[in-house]
> 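Quick one: structure below, then a few questions.
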Amino acid sequence: MDKIARIDMGAAGGPKVTVSGLGDYAGLGGRAMTSLIVAAEVPPLAHALGAENKLVISPGMLSGTVGSMTGRLSVGCKSPLTGTIKESNAGGQAAQVLARLGYAAVILEGKPAGDDLYKIVINKDGINVIVDNSLKLLDNYPLVAKLRTEYGDKVAYMTIGTAGERKMLSASIACTDPELRPTRHCGRGGVGAVMGAKRVKAIIIDDAGVTMRPAKNIEGYRDANRKFVEGLRKHPVTGEGLPAYGTNVLTNVLNEAGGYPTNNFKTGQFAGSSKISGEAQAELEVKRGGSATHGCHRGCVIQCSGIYNDKDGNYVTKQPEYETVWSHGGHCGIDDLDTIARLDYMDDNIGVDTIEMGVTIGVAMDAGIIEFGDRAGAIRLLEEVGKGTPLGCILGAGAAVTGKVFGVERVPVVKDQALPAYDPRAIQGIGVTYATSTQGADHTMGYAIATNILKVGGDVDPLKTEGQIELSRNLQIATAAIDSTGMCLFIAFAILDQPETFQALLDMLGSFHGITMTGDDVVALGKRVLSAERDFNKRAGFTKYHDRLPRFFYDEPVAPHNLTFMMKDEELDDLFNW
Amino acid sequence: MIITVKLFASFRAGRFDIETRDYPEGSTVADVADSLSLPQSELGIMMINNRHVKLDRLLVEGDTLALFPLLGGG
Ligand code: SF4
């Protein structure tokens with residue numbers, strides 16, 4: 001990864017590719033790369049869909065190596081949904097392949113004048129930008145099927161569906177998994193709309209003829225990786241729970257803890273939760289000849305994903321994640337896994353963030369467009385999004401816009417991005433992360449659930465305010481660093497609990513670059529990323545007053561704990577204290 | 001005293017999902033786990049009536065106890 005490609009989509013005479021060395025960005029990858037480039041190069045007051053915005057695609061620091069779990073791809077830009085800086089990452093094959101081709105970043109810049117649609121082919125011979133209007137208005141599954149007839153099965157595809165083409169604020173960028181299904185999405189913040197604004201429909205990444213990235217210290221790297229994998233296999237979460245049940249094992253946990261937002265955050269427990277739980281889902285998947293254990297990219301040893309078939313044994317979608325099962329399930333009063341799987345497939349196909357879309361449908365239900373629990377109605381609303389009807393375009397713009405259009409007061413968003421599957425009134429720690437994250441409400445930015453609810457990596461009482469600021473701060477720093485390595489965030493469960501596994505990760509980073517890495521270096525990297533992101537947001541007009549939850553969390557107590565969000569504003573303002 | 005016990009994930013294998021069970025007064029969470037042959041080292045999340053508790057917590061009539069192995073997701 002010794003080069004950066006810049007593709008000026010708006011160049012006179014057609015898109016122009018320039019490849020350079022790393023310069024100021026040497027040694028970076030993943031979120032560190034995307035955020036530092038966006039912070040340095042995108043005018044903070046730019047329109048996110050305009051020519052000034054850049055879409056930065058970057059494999060993690062360890063992607064493309066023999067290291068396990070290193071297949072995370074980061075995409076960064078100014079977000080059209082939140083107006084903040086954005087980094088959205090996904091698994092799938094793209095990161096590994098792009099890293100092996102030597103690209104530390106591929107940056108889409110500018111904007112073409114006409115309405116031609118482009119595809120970008122990246123292989124060992126270079127980068128080709130080609131007009132292909134035959135791809136217009138294809139959704140992700142048919143789009144990838146069409147591209148496969150031309151580029152085959154030994155490549156990775158990054159694509160946008162019709163939502164991205166229509167520049168919807170919920171639009172995602174899909175990455176194909178090892179079986180070439182467009183199921184792994186850079187989902188949050190409307191990154192697909194930015195790709196659509198640049199008129200890029202697909203990126204085809206072909207690593208034929210290139211090899212794995214070698215470590216500086218080959219022996220040391222292999223040894224550290226072995227210890228790292230041992231640690232992941234040994235920890236109950238990464239070695240047993242996630243492979244067997246996937247992330248949806250959390251449905252029962254959160255429901256039991258009274259922190260499962262139900263019917264658009266009206267109560268903290270859902271009567272239908274056991275029907276859509278991870279336990280029920282895994283059993284059904286196995287019974288129908290799918291699978292409850294599947295890796296989103298080669299080299300994943302946790303394999304939290306799975307394959308969801310219909311009752312006749314035909315593929316429907318990949319195993320819907322906990323967040324998806326919640327957003328389309330309990331949040332909308334829907335207790336049917338087949339409906340949720342269908343909606344998950346439609347989200348992936350149209351190319352929208354499953355959290356944003358599910359939350360939006362719940363807000364539409366609160367507005368009375370359809371009733372809570374209306375399965376067919378939810379599918380119909382998502383069909384509208386896929387068709388790009390006026391109603392579909394409103395819903396595709398996300399929960400904040402939908403709430404405004406239909407006059408809803410209870411709209412669960414921070415910086416206009418929908419809250420995920422944990423009620424901040426029953427889990428104060430995650431509320432701190434939602435409020436203060438550099439990118440709007442996002443559980444993955446500082447997963448306080450681990451310590452508040454799951455009791456991994458410590459024990460902080462979810463119903464109290466004590467210790468939550470420090471917890472969220474430390475998690476946000478650690479996450480910014482992990483998101484830069486290319487490692488899947490789920491390694492955190494093992495490294496939080498097992499010092500020797502954390503050491504193995506440090507040794508992987510160190511031996512790869514032929515240096516010694518310490519915990520302090522990781523903290524410094526995380527802080528550097530967060531500081532750059534905060535600075536961008538400040539210049540984009542964000543103040544401490546934006547680091548708050550929607551008002552109803554402060555004045556509507558939620559059952560069963562009957563608490564509100566109790567963190568004081570001054571405490572939130574103290575989060576970024578370095 | 002009558003206690004409702006809920007088990008989740010791998011704890012269900014060979015046991016049950018939910019059962020109403022009778023325990024002597026003064027029983028703790030640890031006693032219930034022992035009665036179900038759940039090794040204490042495997043207990044991850046323990047809740048009584050939707051609140052986290054520790055192993056030594058005393059149960060009272062009518063409590064609902066939920067036991068999970070160590071779990072993660074997100
Ligand atoms: S643990 Fe899950 S999300 Fe992470 S790399 Fe593996 S399959 Fe992908």
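We name chains A, B, ... by the order of the sequence lines, and we start the count at 1 in each one.
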> Within the 4.5 Å heavy-atom criterion, are A/Leu232 and A/Ile491 side-chain neighbours or not?
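A/Leu232 reaches A/Ile491 side chain to side chain.
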> If you look at every heavy atom in B/Leu71 and A/Gly241, which pair is closest and at what distance?
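Distance-wise, the nearest heavy atoms are CD2-CA, 4.4 Å.
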> Quick one: are A/Leu454 and A/Phe493 in side-chain contact, heavy atoms under 4.5 Å?
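Yes; the side chains approach each other to less than 4.5 Å.
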> Does any non-hydrogen side-chain atom of B/Leu43 lie less than 4.5 Å from one of B/Leu70?
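In short, these two side chains do not touch, never coming nearer than 4.5 Å.
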> Under 4.5 Å heavy-atom distance to chain B, tell me which part of A/Ile449 shows up: side chain, backbone, both or neither.
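When you check distances to chain B, no heavy atom of A/Ile449 falls under 4.5 Å.
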> Checking B/Phe68 now: which residues fulfil ring-ring contact (aromatic ring centres under 6.0 Å, His included) with it, not counting sequence neighbours?
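Once residues adjacent in sequence are excluded, the partners of B/Phe68 under the ring-ring contact (aromatic ring centres under 6.0 Å, His included) criterion are B/Phe8.
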> Please enumerate all residues that pass side-chain contact (heavy atoms from CB on, under 4.5 Å) together with A/Ala244, with sequence neighbours excluded.
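In terms of side-chain contact (heavy atoms from CB on, under 4.5 Å), with neighbours along the sequence ignored, A/Ala244 is linked to no residue.
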> Do the side chains of A/Phe490 and A/Met69 get nearer than 4.5 Å, heavy atoms only?
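A side-chain contact is absent here, since even the closest heavy-atom pair is not under 4.5 Å.
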> Answer with side chain, backbone, both or neither: which region of A/Leu463 has an atom nearer than 4.5 Å to a non-hydrogen atom of chain B?
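The answer is the side chain of A/Leu463.
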> Checking side-chain contact (heavy atoms from CB on, under 4.5 Å) for the pair A/Val558/A/Leu563: CA distance, chi angles, key distance, verdict?
CA-CA 6 Å; A/Val558 72; A/Leu563 293 175; over 6 Å; no
> With only heavy atoms counted, which part of B/Ile45 is less than 4.5 Å from chain A, the side chain, the backbone, both or neither?
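For B/Ile45, the side chain is the part near chain A, not the backbone.
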> Under 4.5 Å, counting heavy-atom pairs only, tell me which of A/Ala450, A/Ala421, A/Gly246, A/Pro236 racks up the most with chain B.
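Sorted descending by pairs with chain B, the first entry is A/Pro236.
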> Show the pairs of one donor and one acceptor atom, one from chain A and one from chain B, lying under 3.5 Å apart.
{"from": "A/Tyr245", "atom 1": "OH", "to": "B/Ala9", "atom 2": "O", "distance (Å)": "3.4"}
{"from": "A/Tyr245", "atom 1": "OH", "to": "B/Ser10", "atom 2": "N", "distance (Å)": "3.1"}
{"from": "A/Glu256", "atom 1": "O", "to": "B/Asn50", "atom 2": "ND2", "distance (Å)": "2.6"}
{"from": "A/Glu256", "atom 1": "OE1", "to": "B/Lys6", "atom 2": "NZ", "distance (Å)": "2.9"}
{"from": "A/Glu279", "atom 1": "OE2", "to": "B/Ala9", "atom 2": "N", "distance (Å)": "2.8"}
{"from": "A/Ile453", "atom 1": "O", "to": "B/His52", "atom 2": "NE2", "distance (Å)": "2.8"}
{"from": "A/Asp459", "atom 1": "OD2", "to": "B/Lys54", "atom 2": "NZ", "distance (Å)": "3.3"}
{"from": "A/His561", "atom 1": "NE2", "to": "B/Asn50", "atom 2": "O", "distance (Å)": "3.3"}

> Go through A/Leu242, A/Ile453, A/Leu254, A/Leu489 and name the one with the most non-hydrogen pairs under 4.5 angstrom from chain B.
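It is A/Ile453.
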> Given a strict heavy-atom distance threshold of 4.5 Å, which part of A/Pro420 is in contact with chain B: side chain, backbone, both, or neither?
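Neither; nothing under 4.5 Å.
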> Determine whether B/Leu65 and B/Met47 make a side-chain contact, defined as any pair of heavy atoms from C-beta on separated by less than 4.5 Å.
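With C-beta onward as the side chain, the pair stays apart.
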